[in-house]
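Everything on this sheet refers to the single structure shown next.
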There are 2 protein chains.
Amino acid sequence: MVRLANNHISIDCVVLGFDGSNLRVLLVKRSGKDENGEYNDMKLPGSLIYQDEDLDEAAMRVLHELTGVKDVPLQQFKTFGSKDRTRNLRDIVWLERAQQAHVERIVTVAYFAIVKLDAAMQRLVNRESAEWVPVGEVGTLAFDHNLIIAEALKSVRREVENNRSILFDLLPKKFTASQLRTLAEIIHGKELDVRNFHKKISQMPYVVPLEERQKGVAHRAARYFKFDRKIYNTSR
Amino acid sequence: MVRLANNHISIDCVVLGFDGSNLRVLLVKRSGKDENGEYNDMKLPGSLIYQDEDLDEAAMRVLHELTGVKDVPLQQFKTFGSKDRTRNLRDIVWLERAQQAHVERIVTVAYFAIVKLDAAMQRLVNRESAEWVPVGEVGTLAFDHNLIIAEALKSVRREVENNRSILFDLLPKKFTASQLRTLAEIIHGKELDVRNFHKKISQMPYVVPLEERQKGVAHRAARYFKFDRKIYNTSR
DNA sequence: ACAAAAGTGTTTAATATACACCCATGA
DNA sequence: TCATGGGTGTATATTAAACACTTTTGT
């Protein structure tokens, strides 16, 4: 049994991926019983803090346990400590069963992470009772996790404003101009002109065109691009 | 005696004001004894969380107790929970005396507030064993409070980028163009061209020129301006 | 008269926006 | 040959940046 720092402080992770047309958030399944019998719903991956770890370490641990990946940059974005964030009876019962102790209030420090939603990540769906849910289709989650996701999206948008390289963390290594544009449109919340967007890409030295093109598509094959982080870091 | 939610979660406030040429941060004095005898140093105003209050409420309470002002917008910007943020022996002894209990770790949720450093605020210096210290002259503080201030300044800079009205919260009701420019230079960390700055002001409908001018200065008297929040809110 | 800060325009460069048609490919 | 999405250029408007001298006031 791991020693906890205490049972008042937790972290939750909003892990975001991009499937080519939608942003998706990684949720874990939760089940229990309440006055209406058994229920199944979902929550953000999270954990209480262990005795010997920092907040950031706890967030990395949760992400690593769930996805197997290490070294994913996690960013703390907000702490939620409303006294009625555990107002829902179902949540209280679930917590006290999980912790086998009376729980008064849990303050949670929320992190977001940006990952490439590749085949390995997709496989989580079965293996870990986790699921990649499009952010537009997230149902009612445990605790205030819907609020946490909403705030995460705001923070991600702000972050992208002053660090464009985050967009490329969401894309596969090779991507088309229209994938990049679709993603940018989702993040900025508005449509972007195709020609102006191509112009902009061509002025970004760190978005390098490849010779490789799409295959087997029923239309003109799109060129692939890659993101060159070295050039990005030196070019500003 | 007030009931605490627990002794693991606190809030700290980075309260910032502008004296016309420097940003200043509000610090409170701390004294105690360590192996070298008595010491006096400073810390950020802060508090553990009470049983019946949210994080934001705790921050407002601390600010109100110290300054007497209510309704100052406080903004949560980061949570500090490194396990060695209470690494310093002096801090541990001080905490355990203050709380009369063993303390393992305290996670603190940090807020910043922006206030007008007017005469009433200045008077705090004596009355409350508090002091307005220029951010460039802050010595070594308790805990990780130097780090917290540094992060607060980063957050304020980011905030000002997408909400210019914050600048005007730091200025007196009537201010000159050069006060506004000096403040903007401090926040942005670079000098601004005087002519371009005047041009920009004149294009901001919410910065309204007054007929009143400086008096008794040994040079051409500067015009005063005021900030009109109504116009600001409707003009974008 | 002088010291000290206030105030004032123009030119140029960079960036953002609007807009319509042809191209390549598989079915 | 048709349906589908890929790819391209020019003109205009907006915003940012560079730059030097005159004005007002108290001492």
Side-chain angles (χ1 to χ4, degrees), chain A residues 18-22 157 160-164 167 171-172 174-226 232 235-236, chain B residues 18-22 157 160-164 167 171-172 174-226 232 235-236:
Chain A
F18 177 65
D19 66 8
S21 48
N22 288 296
R157 289 188 176 108
V160 170
E161 301 277 307
N162 53 350
N163 181 6
R164 292 183 186 178
L167 282 186
L171 290 169
K174 292 171 187 177
F175 52 86
T176 66
S178 85
Q179 283 177 312
L180 178 55
R181 184 169 47 81
T182 303
L183 179 56
E185 285 173 344
I186 289 174
I187 299 288
H188 295 123
K190 65 174 178 188
E191 299 215 331
L192 298 171
D193 180 89
V194 181
R195 274 179 290 187
N196 291 337
F197 193 76
H198 274 267
K199 202 193 310 169
K200 198 177 267 180
I201 286 178
S202 68
Q203 288 165 203
M204 296 177 179
Y206 47 86
V207 177
V208 306
L210 304 175
E211 286 314 307
E212 193 178 347
R213 284 156 195 279
Q214 283 183 320
K215 278 172 190 160
V217 287
H219 53 77
R220 181 173 172 178
R223 175 188 289 278
Y224 282 115
F225 294 81
K226 69 170 185 178
Y232 180 81
S235 77
R236 71 171 351 245
Chain B
F18 178 64
D19 66 8
S21 49
N22 288 295
R157 290 189 175 108
V160 169
E161 302 278 306
N162 53 349
N163 181 6
R164 292 182 185 180
L167 282 186
L171 290 168
K174 293 172 186 175
F175 52 86
T176 65
S178 85
Q179 283 177 311
L180 178 55
R181 184 168 47 80
T182 303
L183 179 56
E185 286 174 343
I186 289 173
I187 298 289
H188 295 124
K190 64 174 179 187
E191 299 215 333
L192 299 170
D193 179 88
V194 182
R195 276 179 289 186
N196 291 337
F197 194 76
H198 274 267
K199 201 190 311 169
K200 198 177 266 180
I201 287 177
S202 68
Q203 287 165 203
M204 296 176 179
Y206 46 86
V207 177
V208 306
L210 305 175
E211 285 314 306
E212 193 179 347
R213 284 155 194 278
Q214 284 182 320
K215 278 172 188 160
V217 287
H219 53 76
R220 180 172 174 178
R223 175 188 290 278
Y224 283 114
F225 294 81
K226 70 170 184 177
Y232 179 82
S235 77
R236 73 172 349 246

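Just so it is clear: chains get the letters A, B, ... in the order the sequence lines come, proteins before strands, and each one is counted from 1.
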* Asked: Which of the following nucleotides, C:dA5, D:dG6, D:dA17, is nearest to the side chain of A:Ala222?
  -> D:dG6
* Check ion pair B:Arg181-B:Glu185 (N to O, under 4.0 angstrom) -> yes
* Asked: What's the CG-P distance between A:Leu180 and D:dG7, to the nearest Å?
  -> 12 Å
* To do: Taking only the side-chain heavy atoms of A:His219 (C-beta and beyond), determine which of C:dG7, C:dT17, D:dG5 contains the nearest atom.
  => D:dG5
* Structure fact -> Tightest non-hydrogen contact, residues B:Ile186 and B:Ser21, listed as CD1-O, 3.4 Å
* Choose from C:dG7, D:dG5, C:dT25 the nucleotide whose nearest atom is closest to any side-chain atom of B:Arg223. => C:dG7
* **Whole-Å distance separating the CZ atom of A:Phe225 from the P atom of D:dG6** => 11 Å
* Asked: Hey, is CZ on B:Arg164 packed in by over 12 heavy atoms from elsewhere, all under 6.0 Å?
  -> no
* For the pair made of CD1 in B:Ile201 and P in C:dT8, what is the distance, rounded to whole Å? -> 10 Å
* Counting any heavy atom closer than 4.0 Å, what does B:Ser178 reach on the DNA or RNA strands: base, sugar-phosphate only, or nothing? -> sugar-phosphate
* Roughly, in whole Å, what's the span from NE2 in A:His198 to C1' in C:dC23? -> 13 Å
* Could you state the atom-to-atom distance from CZ of B:Phe197 to P of C:dT8 in whole Å? => 14 Å
* Check whether the side chain of B:Lys199 and the base of C:dT10 form a donor-acceptor pair under 3.5 Å. => yes
* Is the number of heavy atoms from other residues, nucleotides or ligands under 6.0 Å of A:Glu191 CD greater than 12? -> no
* **Identified side-chain contact (heavy atoms from CB on, under 4.5 Å) partner of B:Leu171 from the options B:Thr176, B:Leu180, B:Thr182** => B:Leu180
* Closest to side chain of B:Arg195, choosing from C:dC19, D:dC19, C:dG7 -> D:dC19
* **Of the listed nucleotides D:dT4, C:dA16, D:dG7, the one nearest the side chain of A:Arg213** => D:dG7
* Among D:dA16, C:dG7, C:dT25, the one nearest A:Ala221 by side-chain distance -> C:dT25
* Structure fact -> Whichever of A:Asn196 and A:Lys215 has the more 5' nearest nucleotide on DNA chain C, that residue is A:Asn196
* **Closest to side chain of A:Asp193, choosing from D:dG7, C:dC19, D:dC19** => C:dC19
* Structure fact -> Rounded to whole Å, the OH-P distance (A:Tyr224 to D:dG5) equals 15 Å
* Check the distance between C:dA16's P and A:Leu192's CG and give it to me in whole angstrom. => 12 Å
* Quick one: B:His188 NE2 to D:dA16 P, roughly how many Å, whole number? -> 11 Å
